[in-house]
Amino acid sequence: MNVIEPDKKIELLGCTVDEIRRIVIDLGEKPYRARQLYDAIYRRRITDLDSMTDLPKPFRHTLAERAVVTSTRIENLFFSSDGTRRFLLRLGDGREVEAVFMPEERRDTICISSQVGCPLACDFCMTGVIGLKRNMTACEIVSQVVIVLNQVYGAGAQPPHGTNIVMMGMGEPLLNYDNVMKAIRLSADEAGLAISPRRVTLSTAGIVPRIYDLASEEIRPRLAISLTAPTDELRDRLFPINRKYPLVELIEACRAYPLDERERLTFEYVMLDRVNDGDRHARELVNLLAGLKAKVNLIPHNPAPELPYLSSPMERILAFQGVLVVAGVPAFIRRPRGQDISAACGQLAARHKATA
Ligand code: SAH
């Protein structure tokens with residue numbers, strides 16, 4: 001539950017229906033109001049208590065003294081020429097995070113954050129430069145989805161096609177496990193946002209024990225691993241966390257992750273010019289992934305002045321992809337989205353201007 005200090009308002013978006021019921025009863029209302037409130041928040045995506053006109057006015061007033069739907073607000077919005085929108089969001093305590101909306105012809109993808117900043121300090125990622133400020137609450141995680149959908153389609157309007165969620169924004173989701181799982185479960189509820197966990201992809205830099213935890217969850221997202229290096233020697237350099245959880249352990253955990261029949265694990269591989277992009281690296285990657293149901297997403301590196309890397313040239317990325325595909329490993333080149341507004345992978349640093 002998000003009730004902490006008596007002087008702080010409860011954030012309802014992020015509460016389960018049972019938690020909402022307790023609040024409702026606490027305020028002296030009939031328990032059935034909880035379902036109504038839940039429906040207004042999650043299915044109709046109403047973020048302002050006063051607009052919930054199916055609830056009695058006096059109840060709305062007492063509720064408003066104790067609770068808000070969410071205290072997250074859009075601080076700024078940036079539009080890319082490719083249709084991507086970057087949301088700079090201000091949380092209740094004034095901290096800022098980002099979410100990114102990426103439209104496609106047949107589906108939309110919302111990229112959301114799980115932590116304010118990130119403690120992992122991967123050498124090629126901007127979020128690592130900020131360091132970790134704090135974990136996000138379940139409310140703050142779910143609010144991103146609601147706020148983005150409402151901004152894009154209007155409050156409560158049904159999106160015209162499926163919505164995919166990728167937990168690839170700021171932060172390492174598996175270091176904020178409980179809140180992330182609660183947010184995934186809430187989003188999955190058919191009576192609420194109804195975003196199937198099959199449409200949710202959680203990306204991790206490789207927090208091995210939490211991958212096992214995730215594997216035993218009933219409601220389980222798709223798993224993506226930010227690999228980016230096929231050997232410990234190189235990965236130790238790019239991902240400090242690799243020194244704690246080396247590749248053998250990471251791959252073993254991946255092997256144990258349960259997959260649906262047609263599901264594959266995704267391995268993200270950021271293409272860093274002359275660092276990890278040789279044919280030799282591609283062959284090492286093929287060996288590393290041998291026997292796994294895997295696909296590889298090759299991500300051109302998104303540069304930033306603070307980062308000491310450049311993207312591999314496209315012809316190198318194509319050659320690298322060729323080595324994988326010939327060896328039977330499906331490999332795709334991810335088209336960078338929203339680069340012109342600092343919205344692309346690894347560029348999320350809560351910037352107030354469109355670009356660095
Ligand atoms: N901590 C999680 C989620 C955030 S990173 C993780 O590591 O997976 C999301 C994706 O962005 C990862 O695949 C990461 O490798 C990629 N990424 C990070 N910095 C990047 C950059 N500068 N350019 C391109 N992709 C980057």
Side-chain angles (χ1 to χ4, degrees), residues 82 102-111 124 161-168 173-174 196-206 208 211 214-215 220-232 234-235 238-239 242 247-273 275-302 311-337 344-346:
D82 68 14
M102 292 165 280
E104 265 164 284
E105 226 167 89
R106 285 171 33 215
R107 59 174 178 163
D108 300 322
T109 301
I110 303 174
C111 174
F124 56 95
H161 37 219
T163 305
N164 289 353
I165 306 283
V166 294
M167 303 204 110
M168 298 185 187
L174 293 187
S196 155
R198 264 181 253 119
R199 288 184 167 277
V200 179
T201 302
L202 184 152
S203 177
T204 177
V208 168
I211 295 177
L214 202 60
R220 201 163 9 89
R222 304 258 144 149
L223 184 61
I225 307 286
S226 291
L227 195 65
T228 300
T231 60
D232 280 322
L234 185 55
R235 203 164 191 272
L238 298 172
F239 294 76
N242 194 69
L247 282 172
V248 265
E249 291 178 23
L250 178 57
I251 297 297
E252 204 172 285
C254 289
R255 238 179 260 292
Y257 199 73
L259 299 174
D260 291 345
E261 205 182 321
R262 297 226 304 273
E263 189 181 343
R264 284 170 185 277
L265 293 167
T266 301
F267 288 88
E268 297 152 291
Y269 197 99
V270 180
M271 299 298 292
L272 306 170
D273 186 31
V275 174
N276 65 351
D277 63 352
D279 284 357
R280 172 174 67 87
H281 298 108
R283 286 191 297 270
E284 286 168 342
L285 183 57
V286 169
N287 289 336
L288 186 70
L289 301 182
L292 277 170
K293 274 170 74 183
K295 68 169 177 175
V296 174
N297 277 349
L298 301 172
I299 312 177
H301 177 256
N302 294 304
S311 174
S312 312
M314 193 40 83
E315 67 226 47
R316 183 82 298 271
I317 302 179
L318 286 166
F320 193 96
Q321 179 188 33
V323 175
L324 298 180
V325 171
V326 166
V329 178
F332 306 89
I333 300 172
R334 203 193 274 167
R335 182 167 51 109
R337 303 286 308 256
C345 300

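For the numbers below, each heavy atom of this structure counts, side chains included, while hydrogens, waters and symmetry mates do not.
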**Asked** Should L227 and R235 be marked as a side-chain contact (heavy atoms from CB on, under 4.5 Å) after you check the CA-CA gap, both sets of side-chain angles, and the distance that decides it?
**Response** CA-CA 8 Å; L227 195 65; R235 203 164 191 272; 4.1 Å; yes

(request) Go through E104 and T109 one step at a time and tell me if the side-chain contact (heavy atoms from CB on, under 4.5 Å) criterion holds. (result) CA-CA 8 Å; E104 265 164 284; T109 301; 3.9 Å; yes

Margin query: Applying side-chain contact (heavy atoms from CB on, under 4.5 Å) to F267 and L292, what does each step give before you reach the verdict?
Written below: CA-CA 11 Å; F267 288 88; L292 277 170; 3.9 Å; yes

side-chain contact (heavy atoms from CB on, under 4.5 Å), that's the test. Do L238 and V270 meet it? Break it down for me. CA-CA 11 Å; L238 298 172; V270 180; over 6 Å; no

Got a list of side-chain donor-acceptor pairs under 3.5 Å for residues 313-328, not counting sequence neighbours?
from, atom 1, to, atom 2, distance (Å)
R316, NH1, D277, O, 2.5
R316, NH1, D279, OD1, 3.3
R316, NH2, D279, OD1, 2.9
Q321, NE2, A331, O, 2.9

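Here CZ of R334 is found 5.0 Å from CD of E268. Values are rounded to the nearest 0.5 Å. Between the CG atom in L265 and the OH atom in Y257 there is a gap of 8.5 Å [rounded to 0.5 Å]. One distance of note links OG1 of T204 with CG of L250; it measures 8.0 Å at 0.5 Å rounding. E249 CD to E252 CD: the interatomic distance, rounded to the nearest 0.5 Å, is 7.5 Å. N276 CG to Y269 OH: the interatomic distance, rounded to the nearest 0.5 Å, is 4.0 Å. Summarising the geometry, atom CG belonging to L288 is positioned 4.0 Å from atom CD1 belonging to I251; distances are rounded to the nearest 0.5 Å.
The nearest pair of heavy atoms linking P173 to S203 is CG-O, 3.1 Å. Considering all non-hydrogen atoms of both residues, L214 and P221 come closest at CD1-CD, 3.9 Å. Minimum heavy-atom separation, R199 to T163: CD-O, 3.3 Å. The two residues S311 and D273 have their closest heavy-atom pair at O-CB, 3.5 Å. Nearest approach of A294 to P330, heavy atoms of both residues: O-CD, 3.5 Å. A253 and V208 make their closest contact through CB-CG1, 4.0 Å (heavy atoms, listed as atom of the first residue, atom of the second, distance).
With a 4.5 Å cut-off on side-chain heavy atoms, L272 and T228 count as touching. Put simply, the side chain of S312 does not reach to within 4.5 Å of the side chain of V275, judged on heavy atoms. In this structure, T201 and M168 have side chains that are in contact, with non-hydrogen atoms separated by less than 4.5 Å.
Surrounding CZ of R255 are more than 12 heavy atoms belonging to other residues, nucleotides or ligands, all under 6.0 Å away.
By the salt bridge (charged side-chain N to carboxylate O under 4.0 Å, His left out) test, R335 is found to be paired with no residue, residues two or more places apart in sequence or in another chain being considered.
Between C111 and the options M167, R337, M102, a side-chain contact (heavy atoms from CB on, under 4.5 Å) holds for only M102. Of the options D260, N164, I165, T266, a side-chain contact (heavy atoms from CB on, under 4.5 Å) to R222 is made by D260 and by none of the others.
Counting only residues at least two apart or on different chains, the side chain to side chain donor-acceptor pair (under 3.5 Å) pairs with a member in residues 283-299 are R280-E284.
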